[in-house]
*Asks:* 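Could you have a look at this structure, given as structure tokens, before my questions?
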Amino acid sequence: MQVKVLDGNDSAVISVSGDVDLYSSPEMRKAITQLCKKKVTPIVVNLSGVDYMDSSGVATLVEGLQLTGKYKGIFRIACLSQGVREVFELARLDRVFSIFDTLDEALKT
Amino acid sequence: MPQSEVNTTIEELQSEVQALKRKTDFFSSLIDVSVILTSTFDLDELIRRVLQFSQRVMNSEASNVMLYNENTGMLECRVALGQVAKMLEENFTLQLGQGIAGWVGLHRQGLVVPDVSKDDRFFSGADQATGFVTRSILCSPLIVHDKLLGVAEVVNRKDGTSYSEEDLRLFETFCRGVAVAVQNAIMHQRLLSNQRVQQQLEMASAIQQGFLPRSFSVKEDDKYEIAAVNLPASLVGGDLYDCIELQPGLLGITIGDVSGKGMPAALYMARLISDFRFQAHQAEQPEPTVRILNEMLTERSQQGMFVTLIYLTLDTESGVLRFVNGGHIPPILYRRPTGEMLRLEGSKGIPLGIMNPAEFKEASHNLIPGDTLIFFSDGILDAKNRRGQKFTVGRIEEVIRGAWATPGDLVSQIVEAVTKHAGVESQFDDITIMVLTWH
């Protein structure tokens, strides 16, 4: 799994690629928590390169949502593959997260 | 032959005899040290025996082995022999590059220092702290597969002479064997430590299985039967199920799947099942219980962990089910007399522990004779075969349509089908199956 962070002045994009599971999700968590410590908003997680995500990966995104919520920040996820979208829909997490089809849409206020 | 030539020949022969004796001693020492190296897996005892031997062969006053700590970048005295051994073992450390031992560790090459007072690399701090007087040092690195494990040194020849290059060669040869033995001893220690962790996990596994009901007290004239199984991917897991009597004629039944797996999920599950039993008794209906559990889990949320969970109450006289689904896979409802295969959808809410407040809507269903409910966690759908194909809901339905007599039979048959599907592939996620039949 690879995690790239583009930290702009007033927003950040975390681009993740590869499988996100129990063993790889800590790397994504590190990127998210670092941005949350700086109270960056909005934070957009670009999942276009992720075909598989288990519940550990979902929990990491839930943590991002909870952390940004504490400073009234915005946390969005974008570009979900069919497999990842199914994981979110199966658990009704599509009601929890702001999910966008493209990165551009996610970055628009 | 003139007498002078005879004398020369005798001297040459004596010299050759001496050289042969040294070689014999050299190989004899190597044999002796190889015996020591295989004598124990106890790291400290092994080093102590090697140092005792080295000190004797090198006719030295003191010796020590310092091990390299990768985390701190320091050489730490592990075992020392001689007058001030205890003081050195207690707190003597050197940075890599500091002192003779540090130099040897950094440059990874052995060194003879005939007179430390004439060598700028010598670090006098240890002598100042202990009162020992170091005169000469023979020092060698301990290296295995290009990895620095530490350094070994012997100090001060008792006869006052200096160590020779031949001594260094012999000591370095010792140390190559010592390094392998030290590495083996470290691996052995890790193995023992892993075994202890494994034992603790096995105990934790037994304790966790004890949280889950093994059997369900069903009387002969009861209209329902219930069976369940929980198979963690490792020794412990984050799936749970429970069935409790809330009051005569009313059961509380739940199945849940905590995010992640292994020990963190198991700890989350352990506290949740305890909270569930307490909260379920506080209210007769599922919605308040789930709402309060969600509130508690969100309040103490750690690293975004959450649980998908179904909670239902069953009136054991009328067959009326009331249920709330928090993000869990809806159970299959099989109407055996007609062969209908349905899903108990209800109104699915979000998983518990993510946000509060959250809406959980209660739904109800009337069981009719022949109804069978099959609950499961998504681990069953993650079971892959050698070709990477997952076990599907369709496969579960095939088993349900087959021949089985009791809920226990059906649970066993589903487990058998999943196990057969996975073959030699290891179980990837926790698997829980619960079956409820209504007569």
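Chain A is the first sequence line, chain B the second, and so forth, proteins listed ahead of strands; every chain is numbered from 1.
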*Asks:* Between A:Gln66 and B:Ser301, does the side chain to side chain donor-acceptor pair (under 3.5 Å) criterion hold? Intermediate values first, please.
*Replies:* CA-CA 9 Å; A:Gln66 291 172 335; B:Ser301 177; 3.0 Å; yes
*Asks:* Using the side-chain contact (heavy atoms from CB on, under 4.5 Å) definition, which of the options B:Ile350, B:Ile354, B:Thr308 pairs with A:Leu93?
*Replies:* B:Ile354
*Asks:* Starting at CZ of A:Arg92, measure out to OG of B:Ser347 and round the result to the nearest 0.5 Å.
*Replies:*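 These two atoms lie 8.0 Å from each other.
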*Asks:* Using a 3.5 Å cut-off and no angle test, enumerate the donor-acceptor pairs between side-chain atoms of residues 50-58 of chain A and protein atoms at least two apart in sequence or in another chain.
*Replies:*
{"unit_1": "A:Asp54", "atom_1": "OD1", "unit_2": "A:Ser56", "atom_2": "N", "d": "2.9"}
{"unit_1": "A:Asp54", "atom_1": "OD1", "unit_2": "A:Ser56", "atom_2": "OG", "d": "3.4"}
{"unit_1": "A:Asp54", "atom_1": "OD1", "unit_2": "A:Gly57", "atom_2": "N", "d": "3.2"}
{"unit_1": "A:Asp54", "atom_1": "OD2", "unit_2": "A:Leu22", "atom_2": "N", "d": "3.3"}
{"unit_1": "A:Ser55", "atom_1": "OG", "unit_2": "B:Gly260", "atom_2": "N", "d": "2.8"}

*Asks:* What do you reckon, is CD of B:Glu397 surrounded by more than 12 foreign heavy atoms closer than 6.0 Å?
*Replies:* yes
*Asks:* How long is the straight-line distance from CE of B:Met355 back to CZ of A:Arg95, given to the nearest 0.5 Å?
*Replies:* 11.5 Å
*Asks:* Can I get a per-line list of side-chain donor-acceptor pairs under 3.5 Å for residues 39-49 of chain A, giving both atom names and the distance, sequence neighbours left out?
*Replies:*
{"unit_1": "A:Thr41", "atom_1": "OG1", "unit_2": "A:Ile74", "atom_2": "N", "d": "2.6"}
{"unit_1": "A:Asn46", "atom_1": "OD1", "unit_2": "A:Ser48", "atom_2": "N", "d": "3.0"}
{"unit_1": "A:Asn46", "atom_1": "OD1", "unit_2": "A:Ser48", "atom_2": "OG", "d": "3.1"}

*Asks:* Tabulate, in ascending numerical order, the residues of residues 77-85 of chain A having at least one heavy atom closer than 4.5 Å to a heavy atom of chain B, or enter 'none'.
*Replies:* none
*Asks:* So does B:Lys390 have more than 12 non-hydrogen atoms from other groups sitting under 6.0 Å from NZ?
*Replies:* yes
*Asks:* Taking CD in B:Gln302 as the centre, count heavy atoms belonging to other residues, nucleotides or ligands within less than 6.0 Å. Is the count above 12?
*Replies:*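 12 or below, so no.
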*Asks:* List the residues meeting side-chain contact (heavy atoms from CB on, under 4.5 Å) with B:Glu299, not counting sequence neighbours, and say none if there are none.
*Replies:*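 Partners of B:Glu299 under the side-chain contact (heavy atoms from CB on, under 4.5 Å) test: none.
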*Asks:* Contact part of B:Ile329 toward chain A, heavy-atom cut-off under 4.5 Å: side chain, backbone, both or neither?
*Replies:* side chain
*Asks:* Could you grab the distance from atom CG of A:Asp21 to atom NZ of B:Lys261, nearest 0.5 Å is fine?
*Replies:* 7.0 Å
